[in-house]
Number of protein chains: 2
Amino acid sequence: MANQTVDNPFAAPGHDHRSCIVAALDAAEAACARRGERLTPLRRRVLELVWRGHRPVGAYDLLALLQDERGRVAPPTVYRALDFLCTQGLVHRLESLQAFIGCGHTGNHMDDQGDGRHAAHFLICQDCGVAVEIRDGQLDGAISGLAGRAGFAIADETIELSGLCAACRNQSVSRPVCTTS
Amino acid sequence: MANQTVDNPFAAPGHDHRSCIVAALDAAEAACARRGERLTPLRRRVLELVWRGHRPVGAYDLLALLQDERGRVAPPTVYRALDFLCTQGLVHRLESLQAFIGCGHTGNHMDDQGDGRHAAHFLICQDCGVAVEIRDGQLDGAISGLAGRAGFAIADETIELSGLCAACRNQSVSRPVCTTS
DNA sequence: AATGTAAATGATATAACATAACAAAATGAA
DNA sequence: TTCATTTTGTTATGTTATATCATTTACATT
Ligand SMILES: [Zn+2]
Ligand SMILES: [Zn+2]
Ligand SMILES: [Zn+2]
Ligand SMILES: [Zn+2]
């Protein structure tokens with residue numbers, strides 16, 4: 001069993017993040033192979049960069065990182081890689097931050113029909129910046145319940161809850177504390 | 001009692017929208033007066049323009065409308081008015097669309113402590129473009145439940161459910177049908 | 001190996017959304 | 001009126017994202 005990082009990064013500020021990266025890349029390779037999709041070196045590298053930490057990363061941050069290692073790189077290069085990764089469910093876009101984060105549930109989707117897209121719900125700490133993908137049965141039930149009563153067919157869910165994680169609440173001072181990126 | 005528009009615009013494509021606008025502006029005047037805030041002519045006009053319909057409006061759409069009636073208007077003019085209106089809870093920003101919509105619950109907040117800000121949850125029809133602000137006890141309960149269990153203190157909720165409204169599902173063809181803007 | 005085809009990437013330009021910084025005007029209180 | 005504060009105007013720039021077309025790469029077929 002892996003470390004607790006992926007399950008609860010809020011509670012694991014000092015965890016071995018290399019294993020998060022390895023797990024994410026391995027799962028991505030496997031998922032793409034299974035679906036006949038191509039995780040090219042560029043896409044793989046972008047995914048790796050997204051996984052530098054558990055904080056959402058802006059597209060232009062990724063662009064700068066790529067430029068550091070490859071010289072001239074243009075925005076479409078990054079956006080295309082991100083589009084691919086999002087389509088495969090390997091990365092999610094956080095609408096409220098206009099930023100991207102690695103999927104915290106790679107490899108164990110229950111709602112995955114061939115492609116890897118899935119609804120992703122987040123807790124986002126405004127103090128340390130960490131975002132955690134959550135899964136909650138009551139939340140899912142409430143959503144499908146209200147949609148059903150409204151006759152509304154949900155295609156896409158944006159659920160992002162911002163506030164303070166437990167660790168940051170207990171610090172009282174307002175400085176980054178979940179140092180794991 | 002008002003028409004059903006504000007409560008369920010999905011179901012009222014041919015409603016008397018003027019009453020929606022009047023109700024929203026009246027409620028805004030009242031709310032600002034109560035709080036000692038100033039609903040200036042510009043802010044009032046921007047709110048009125050946001051209320052042209054039940055579809056989210058982009059800041060630059062509003063800018064163009066203002067320019068039509070006032071000549072040269074710059075982006076900060078619109079964004080400042082929108083900031084004010086959002087702070088007062090009279091308008092909400094839809095993160096997944098980068099657009100704004102009039103608050104569907106003006107005047108009856110139960111969670112309003114002085115200022116008018118409140119969590120706003122939406123159903124957004126991808127066919128007709130209408131967005132409806134919803135309120136659901138089970139959803140609220142699920143959210144506070146999961147936050148409590150995680151020790152997470154929620155400060156802001158972004159909940160936007162996109163898909164097809166009942167009317168558009170029953171049309172099968174993919175063309176705008178909820179013509180009420 | 002050569003060819004053809006589709007997918008992926010490179011490159012340029014521009015669109016769309018948003019804010020910083022400072023000046024001028026309007027408002028309301030003293 | 002005078003003063004302080006808020007609001008609006010103005011200019012410039014920052015940030016995020018896409019359209020378009022050229023080039024390269026991967027890979028199956030001949
Ligand atoms: Zn980690
Ligand atoms: Zn995920
Ligand atoms: Zn209406
Ligand atoms: Zn509202």
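Values in this document were obtained by computation on a predicted structure and should not be read as measured data. So you know, we letter chains A, B, ... as the sequences are listed, proteins then strands, and number each from 1.
When hydrophobic side chains of Ile, Leu, Val, Met, Phe, Trp and Tyr are connected at separations under 4.5 Å, B:Ile101 ends up clustered with B:Leu94, B:Leu97, B:Phe122, B:Ile124.
Residues that satisfy the ring pair (Phe, Tyr, Trp, His ring centres under 6.0 Å) test with B:Phe152, not counting sequence neighbours, are A:Phe10. The side-chain contact (heavy atoms from CB on, under 4.5 Å) check on B:Arg149 picks up A:Asp136, B:Leu146, with sequence neighbours excluded.
Using modelled atom types and a 3.5 Å distance limit, the side chains of B:His92 and B:His118 yield a donor-acceptor pair. When only modelled atom types and interatomic distance are considered, A:His121 and A:Arg135 share no side-chain donor-acceptor pair under 3.5 Å. B:Ser96 and B:Glu160 form a side-chain donor-acceptor contact under 3.5 Å, judged by distance and modelled atom types alone.
The side chain to side chain donor-acceptor pair (under 3.5 Å) contacts involving residues 66-76 of chain B comprise B:Arg45-B:Glu69, where partners must be two or more places apart or lie in separate chains.
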Checklist entry - Can you give one letter per nucleotide of nucleotides 6-17 of chain C, 5' to 3': B if a protein heavy atom sits under 4.0 Å from the base, S if only from the sugar-phosphate, - if neither? => result -SSBBBB----B
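Protein chain A touches strand DNA chain D; the 5'-most and 3'-most nucleotides with an atom under 4.0 angstrom of its non-hydrogen atoms are D:dT16 to D:dA26.
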